[in-house]
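Have a look at the structure below before the remarks.
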Number of protein chains: 2
Amino acid sequence: MNTLAEENYLKAIFKLSGKQKEAVSTNAIAEELETKASSVTDMIKKLTEKKLVNYQKYQGTSLTKKGHEIAVHIVRKHRLWEVFLLKKLKFQWDEVHDVAEQLEHIKSPKLVEHLDTFLCFPQYDPHGDPIPNKNGEFPKSFSAPLIDFAAGSKGKVVGVSQDNPAFLQYLDKLEIQLGSKIQVIEKIEFDQSLEVKINGKATHISSEVAKNILIKQ
Amino acid sequence: MNTLAEENYLKAIFKLSGKQKEAVSTNAIAEELETKASSVTDMIKKLTEKKLVNYQKYQGTSLTKKGHEIAVHIVRKHRLWEVFLLKKLKFQWDEVHDVAEQLEHIKSPKLVEHLDTFLCFPQYDPHGDPIPNKNGEFPKSFSAPLIDFAAGSKGKVVGVSQDNPAFLQYLDKLEIQLGSKIQVIEKIEFDQSLEVKINGKATHISSEVAKNILIKQ
DNA sequence: AAATAAATTTAGACAAGCCTAAAAATATTT
DNA sequence: AAATATTTTTAGGCTTGTCTAAATTTATTT
Ligand SMILES: [Mn+2]
Ligand SMILES: [Mn+2]
Ligand SMILES: [Mn+2]
Ligand SMILES: [Mn+2]
């Protein structure tokens, strides 16, 4: 069984290594976990010992098959709990992440599977992130950040790539939710910001925000 | 904010000190938490520092007002989660305790209150234990252990004073549940065991079991 | 190809929680 | 009231996970 700290490291490496499972730098992990590089080196050595990561001095870290499985399972739990908090306990979408950070570490195979059943096997969490099934398989989703769309293109908001409360509350203020119809009116060359229509209503969006909104055409 | 270990110590002291809030011995705490007396002394000193317990060397430990409040709040969370697991996630009554031991440490005031609302403010957990409300007040309950009842007396099972799975599974086998009607047919002097009728069916029960079944007349 | 900068690791320290063994205090017998 | 037994505390040590400061390696400039 793994400790809470170990699980958080595995999750961070999973998040940072992306689809190609690239090696992740020590500093990147330190930043993600708001800790120091020296602490990361220490922990990586323990995870290497447990065969949960591949690590070569100065060359970065990647997950082993076993480490990957554990990380995906934690992501599964995190996202299922987020759905539970939103759908059953009436939390707002900007409130679920922090509590799920705690709940994801609860250890009980039965709990996860029964929760999944209770929630009717949701495929996406409140931020549009895909929920892996019990075999660790993710539902396929075809989306791209809003910033990659050209003027004139239309689509639907299917997700966000941040779950920071300030960001999510700002989206609420802009009346942007999962499912909102969006059309790019103009891309401002100067600062990469966008003029868009959200459900028919014209709004201006910074590039920083547009990077974190996921669109499906 | 308190650590997981601190919370478990407060809960243990609460459980052991009973209604009169008697001082609890170091050894009793050690046994309850399956740890060593020396570890208990260490922790008690920290809790004294934080003004969560009253402690005098060699004279035992009791909870302060603040310590008592925290302990009751953890008990509240534990029991609400037990209800959730049983009622919503279809756990058996012998399976809920261990998972609730983990869930009781999740920190989110909103989570507890919304869970309580979601469950429609239950007053008792799956073992018949009273659930304190958000002000820390327990519902009054009038029950006594089965072993205290004389031959001929009748009553209803309203609780158990152990949540150890082996004990609960044995009750399942005896077809004893909360709500079961029970009548004491005979008390065996020799070993304090009982002949009883459960929902009309005759059964023999050891004193050890009879101590842990709570009856309301 | 040096020199410099940035990233990473090592060395040594610290707090939390736990342990064993020994000492001290309290309780129980004789 | 001693002697003995039990309980509790103290002393010293270990692991986990963190930190700062210094050393080392790798990357980037000049
Ligand atoms: Mn999240
Ligand atoms: Mn999410
Ligand atoms: Mn319980
Ligand atoms: Mn219970």
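Sequence lines set the chain letters: A, B, ... in the order given, protein chains first and strands last, and positions in each chain run from 1. What you are looking at is a predicted structure, and each value in this text was computed from that prediction instead of being measured.
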- prompt: At under 4.0 Å between heavy atoms, what does A:T41 touch on the DNA or RNA strands: base, sugar-phosphate, or nothing?
  reply: base
Residue pairs fulfilling ring-ring contact (aromatic ring centres under 6.0 Å, His included) with at least one residue in residues 12-44 of chain B, sequence neighbours excluded: B:F14-B:H68
field: B:E69/B:K65 salt bridge by N-O under 4.0 Å criterion
entry: yes
message: Rounding to an integer number of Å, can you tell me how far A:N27 CG sits from C:dA6 C1'?
response: 9 Å
- prompt: With distance as the sole criterion, is a donor-acceptor pair present between the side chains of A:H105 and A:N8 under 3.5 Å?
  reply: yes
- request: Take the protein atom CD of A:E49 and the nucleotide atom P of D:dT16, then report the distance between them rounded to whole Å.
  value: 11 Å
- prompt: Does NZ in B:K21 sit with more than 12 non-hydrogen atoms of other residues, nucleotides or ligands closer than 6.0 Å?
  reply: no
- prompt: What pairs with B:E186 under salt bridge (charged side-chain N to carboxylate O under 4.0 Å, His left out), at least two apart in sequence or on another chain?
  reply: none
message: Can you measure A:E31 atom CD to C:dA7 atom P for me and round it to whole angstrom units?
response: 10 Å
message: Side chains of A:E101 and A:H97 only: does a donor on one sit below 3.5 Å from an acceptor on the other?
response: yes
query: In whole Å, what is the span from the CD atom of B:E7 to the P atom of C:dA16?
result: 16 Å
query: What one-letter contact string describes nucleotides 17-26 of chain C from 5' to 3', where B marks a base within less than 4.0 Å of any protein heavy atom, S marks contact via sugar-phosphate atoms alone, and - marks no contact?
result: BBBB----SS
